[in-house]
2 protein chains.
Amino acid sequence: MEISEKNQSFVYHFGEMGSKWGFNRTVGQMYALLVITDKPITANDLATTLNISRGNVSMGIKELQSWKLVQVTHVPGDRKEYYNAIGSVMDMANIVFEERRKREVDPTLSLLRNLLLDTPETDSEIYAQQRMKDIHDLLEMITNWAAELQKLTPEQLNTLMKLGTGVTKILSVKQALFSKKQTE
Amino acid sequence: MEISEKNQSFVYHFGEMGSKWGFNRTVGQMYALLVITDKPITANDLATTLNISRGNVSMGIKELQSWKLVQVTHVPGDRKEYYNAIGSVMDMANIVFEERRKREVDPTLSLLRNLLLDTPETDSEIYAQQRMKDIHDLLEMITNWAAELQKLTPEQLNTLMKLGTGVTKILSVKQALFSKKQTE
DNA sequence: ATAAAGTTTCAATAATTTCTGAAAGTTTAA
DNA sequence: TTAAACTTTCAGAAATTATTGAAACTTTAT
């Protein structure tokens, strides 16, 4: 499978960034290639195009499937499996956020919840527990809010994002509503 | 320096998670210990408490300083350097977000901006560029929005977060206000 | 000046993660 | 059934990343 120079650099960049985003170089490259290619691609094609072993592709696909980022399709009369990236870019972002939350935040939240059950004794224990509570509360707030955002329709989300500095205005609207209710 | 069992498990957990959050195990442990400890700690104390080499501590501190997460302080009459975690948990979160944006998002945005300058020729180039544009636009939106959020005061942020699904209601109010303005 | 008390650097080593490729496994068609 | 066409697995090799510890460096006090 031929690949243009521009696509090449996109794919390689995703390979490099991939590791920062939670998967390894070749998984990043595979995903990038699947995203920018219209048609589904066979495992062999991925291997030869990216110059990686067939076994590596197999494992990478498994990983991408566990992230629910890639799908298998079949071409009638062809026994090979074809792969393609699932959904819109927004869908991808949601999946990546959620997956990373599960891997990076949830375990910490659960540990912190446990540690916070005990009553601290000494001064230093009190201090430590307070810091843990701060972290716990912040992580919980972020988690909850992310869940809220994911519930919004793309249009609502778009409106919200486009508000920009308008966020402050929303808040004042909220204030206004609130104080109106108070007085009526 | 003695460390309680609970603190121990917090510190080790941060070590494990550290790598998911962008720094290595020992840097994660060092930071965790600094966060939950009231008093500043010497490099030697970090090394012995965490059972890691003095050299490793030196490099870790350097890393944490580059993240602007720790600070050196001095104790009068003592030549050793003491280290402590900077700021509130909210400050930390802001710093980590910003630092990760710089490392994980900015390079991609800049590459995508470049790739989008060229005009695509073939059908497959058009498709590929459209996907790149989708990703670019999303990353830019997220980046801008994150910057907006960082501008809010802790109180405003808190109000916004607590709104939860209420955001949708506020949005519709905003819509109403907006169309009212349109007609008046 | 110099030595004591500290910190940093970095080459060598250890630990971890990724990748390969051959062998084992699966599915389909005849 | 059997064999062809494909996929998966996994032990070992390669690549990468983290860690040590001894030597070099810096600062301060005398």
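Chain A is the first sequence line, chain B the second, and so forth, proteins listed ahead of strands; every chain is numbered from 1.
Distances were taken from every side-chain heavy atom of A:R79 (C-beta onward) to each of D:dT27, C:dT28, C:dG6; the shortest belongs to C:dT28. Candidate nucleotides D:dC6, C:dT20, D:dT19 were compared by shortest atom distance to the side chain of A:I52, and C:dT20 ranks first. You'll find that the side chain of A:M59 is closest to D:dT9, out of D:dT8, C:dT9, D:dT9. Checked against C:dT20, C:dT7, C:dT27, the side chain of A:N56 finds its nearest nucleotide in C:dT20. Residue B:S53 places its side chain closer to D:dG21 than to any other of D:dG21, C:dA4, C:dT7. Proximity note for A:K62 (side chain, C-beta onward) versus D:dT9, C:dC19, D:dC6: the nearest is D:dT9. Which of C:dT8, D:dC6, C:dA5 sits closest to the side chain of B:Y83 comes down to C:dT8.
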Hey, mind stepping through A:K80 and A:V75 against side chain to side chain contact (heavy atoms under 4.5 Å, CB included) and telling me if it holds?
CA-CA 8 Å; A:K80 290 190 284 298; A:V75 170; over 6 Å; no

Could you walk me through whether A:D134 and A:Q130 pass the side chain to side chain donor-acceptor pair (under 3.5 Å) check?
CA-CA 6 Å; A:D134 293 347; A:Q130 186 55 52; 3.1 Å; yes

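Within the structure, a side-chain polar atom (N or O) of A:T26 is placed less than 4.0 Å from OP1 or OP2 of C:dC19. Side-chain nitrogen and oxygen atoms of B:R54 include none within less than 4.0 Å of the OP1 or OP2 phosphate oxygen of D:dG21.
Residue B:Y82 contributes atom OH, which lies 10 Å from atom P of C:dT7 at whole-angstrom precision. Rounded to an integer number of Å, the gap from A:D78 CG to D:dA5 P is 12 Å. Look at CG on B:N44: it is 6 Å from P on C:dT7, rounded to the nearest Å. Here the C1' atom of nucleotide C:dT27 and the NZ atom of A:K80 are 14 Å apart, to the nearest Å. In this structure, CD of B:Q65 is placed 12 Å from P of C:dT7, rounded to the nearest angstrom. The interatomic distance linking A:L46 (CG) with C:dC19 (P) rounds to 14 Å, in whole Å. The distance between atom CD of A:E81 and atom C1' of C:dG25, rounded to the nearest whole Å, is 13 Å. As a whole-Å value, the separation of B:E63 CD from C:dT9 P is 14 Å.
For the pair B:I135 and A:F10, the minimum side-chain heavy-atom distance is below 4.5 Å.
Under the 6.0 Å distance and 45° angle rule, A:R131 counts as a cation-pi partner of A:Y127.
Taking the nucleotide of DNA chain C with the nearest heavy atom to each of A:N51 and B:R25, the more 5' of the two is matched to B:R25. The nearest heavy atom of DNA chain C to A:G55 and to A:S19 marks one nucleotide each, and the one closer to the 5' end goes with A:S19.
Ring centroids of B:F23 and B:W67 are separated by less than 6.0 Å, placing the two rings close together.
Residue A:N24 is in sugar-phosphate contact alone, with no base atom involved, counting any heavy-atom pair closer than 4.0 Å across all strands shown.
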